[in-house]
There are 2 protein chains.
Amino acid sequence: MNTQSHTKSTARSLPIALLRARETVMAPVRDMLQGIQLTEQKWRILRVLDELGEVEQSTIAHEACLLLPSLTRILRTMEAEGQISRRQDSQDKRRTMVKITDEGRRILEENLAASLEIADKIEAQMGRKKLDNLLDLLEELQAVKV
Amino acid sequence: MNTQSHTKSTARSLPIALLRARETVMAPVRDMLQGIQLTEQKWRILRVLDELGEVEQSTIAHEACLLLPSLTRILRTMEAEGQISRRQDSQDKRRTMVKITDEGRRILEENLAASLEIADKIEAQMGRKKLDNLLDLLEELQAVKV
DNA sequence: CTTTATTTGTTAACATGTTTACTATTTAGA
DNA sequence: TCTAAATAGTAAACATGTTAACAAATAAAG
């Protein structure tokens, strides 16, 4: 009898199940991103900035699930590549405000079709109803206090 | 009008929703693992090995969602620390068979209680029914061909 | 006020993620 | 057979993840 028999099989372990499901979903997204000059992280940052407008770095980190040290490095290269712009906040000089540039928006637009196609393929196989159910449950899980 | 208004808000984006949910679930797990000498990846490897017995590295990589180059490095240190053992397969000399050691099992057992407590906290807030529903949907998503 | 604590972000160090190239072995085909 | 393709794993290079330590600015407490 193994140790796991006391607990849950990895398939019913929430952290592992979330990771495996994500790998499935991300595989075609990574294929898409590899064609252009974007990593998965940069893609998330662009989407968050496009959604929220000009925000401080801590907000990006929280929304895009990145730690600040990673974000610092990534934004440095994204600024050099002209996808985002940064400025010091005048009220609170600790804050750096970040926004997406036209070039960044252009990259998002260029990959909109491919992105939607992937989402459609998943929807076609799972069904809209189940997918909405899943997204609702995931939102609820995010809100759990642990 | 931003680019995202054509697509989905990040909260309804499956890859991002999966990532955010996972961060919520993993936060307390990382706290638990930091207390001992284990990273999240090593913890997954031990769980998979405990569940599957002696397997080749490709199987571990697939089950624990790790790429082989990462696994190569991680198993090297885990072997040095006595948590797993490796041997060349006699039939197929390309294969390396890996199994968990008593020391590895001891580490799993030591953290069983903490691990279960985290799972219980989440269950207490989400409810068993919703959690099972979520796990079912995640398993189904994993099986989707994209 | 002014000292202390908190917040925001950076740097450094090391582990892991990711791609490409490579070795060794095995399998499949001509 | 012999050779080409496929498979299992490793090595190297660079990006990102993660923790700890740090600097600067602001907020809180005295």
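Hydrogens, waters and symmetry mates play no part in the numbers below; they use all other heavy atoms, side chains included. What you see is a predicted model; the values in this text were computed from it and never measured. Sequence lines set the chain letters: A, B, ... in the order given, protein chains first and strands last, and positions in each chain run from 1.
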To the nearest angstrom, the CD-P distance between B/Q41 and D/dT19 comes to 11 Å
Requested in this report: Just call it for B/T39: base, sugar-phosphate, or nothing, with non-hydrogen atoms closer than 4.0 Å on any strand.
Outcome: sugar-phosphate
Taking the side chain as every heavy atom from C-beta outward, state whether B/L137 and A/K130 have any pair of such atoms under 4.5 Å apart. yes
Out of D/dT26, D/dT16, C/dG17, minimum distance to the side chain of A/S70 belongs to D/dT16
A/K42 atom NZ is separated from C/dG17 atom P, nearest whole Å, by 19 Å
Within residues 52-68 of chain A, the residues having a heavy atom closer than 4.0 Å to DNA chain D are A/L66, A/L67
Using only heavy-atom distances, determine whether the side chains of B/R95 and B/Q57 contain a donor-acceptor pair under 3.5 Å. no
From CZ of A/R30 across to P of C/dT20 the rounded distance in Å is 14 Å
Separation between CE (B/M78) and CG (B/L38), nearest 0.5 Å, reads 6.5 Å
The nucleotide from D/dT19, C/dA13, C/dA15 with an atom nearest the side chain of A/R73 is C/dA13
Regarding the side chain of A/T72, the nearest nucleotide among D/dA12, C/dT11, D/dA15 is C/dT11
Here the distance between atom P of C/dT18 and atom CH2 of A/W43, to the nearest Å, is 14 Å
Rounded to whole Å, CG of A/L19 lies from C1' of C/dG17 at a distance of 12 Å
Note: for A/Q34 and A/R94 on DNA chain C, the residue whose nearest nucleotide lies more 5' is A/R94
Testing C/dT16, C/dT10, C/dT26 for proximity to the side chain of B/D92, the answer is C/dT26
Between the CZ atom in A/R12 and the CG atom in B/L135, the distance rounded to the nearest 0.5 Å is 4.5 Å
Distance-only donor-acceptor check, side chains A/Q142 and B/T24, under 3.5 Å
no
Comparing A/Q88 with A/L71, nearest DNA chain D nucleotide closer to 5' gives the residue A/L71
Check your understanding: Salt bridge between B/R106 and B/D102, side-chain N to carboxylate O under 4.0 Å?
Key -> no
Checking side-chain polar atoms at under 3.5 Å, does A/T10 have a donor or acceptor matched by the opposite partner on A/R20?
yes
In whole angstroms, the gap separating C1' of C/dA15 from CG of B/L75 amounts to 14 Å
- prompt: Would you call B/R47-B/E51 a salt bridge at under 4.0 Å N-O?
  reply: no
To the nearest angstrom, the CE-C1' distance between B/M97 and D/dG9 comes to 14 Å
* Kindly say if B/R76 contacts the phosphate of C/dT16, meaning a side-chain N or O under 4.0 Å from OP1 or OP2. => no
### Query
Taking atom types as they are modelled, is there a donor-acceptor pair under 3.5 Å from the base of C/dT8 to the side chain of A/R95?
no
note: A/L38, atom CG; D/dT16, atom P; distance rounded to Å ~ 10 Å
| Can you check whether A/R44 has a side-chain N or O nearer than 4.0 Å to OP1 or OP2 of D/dT16? | no
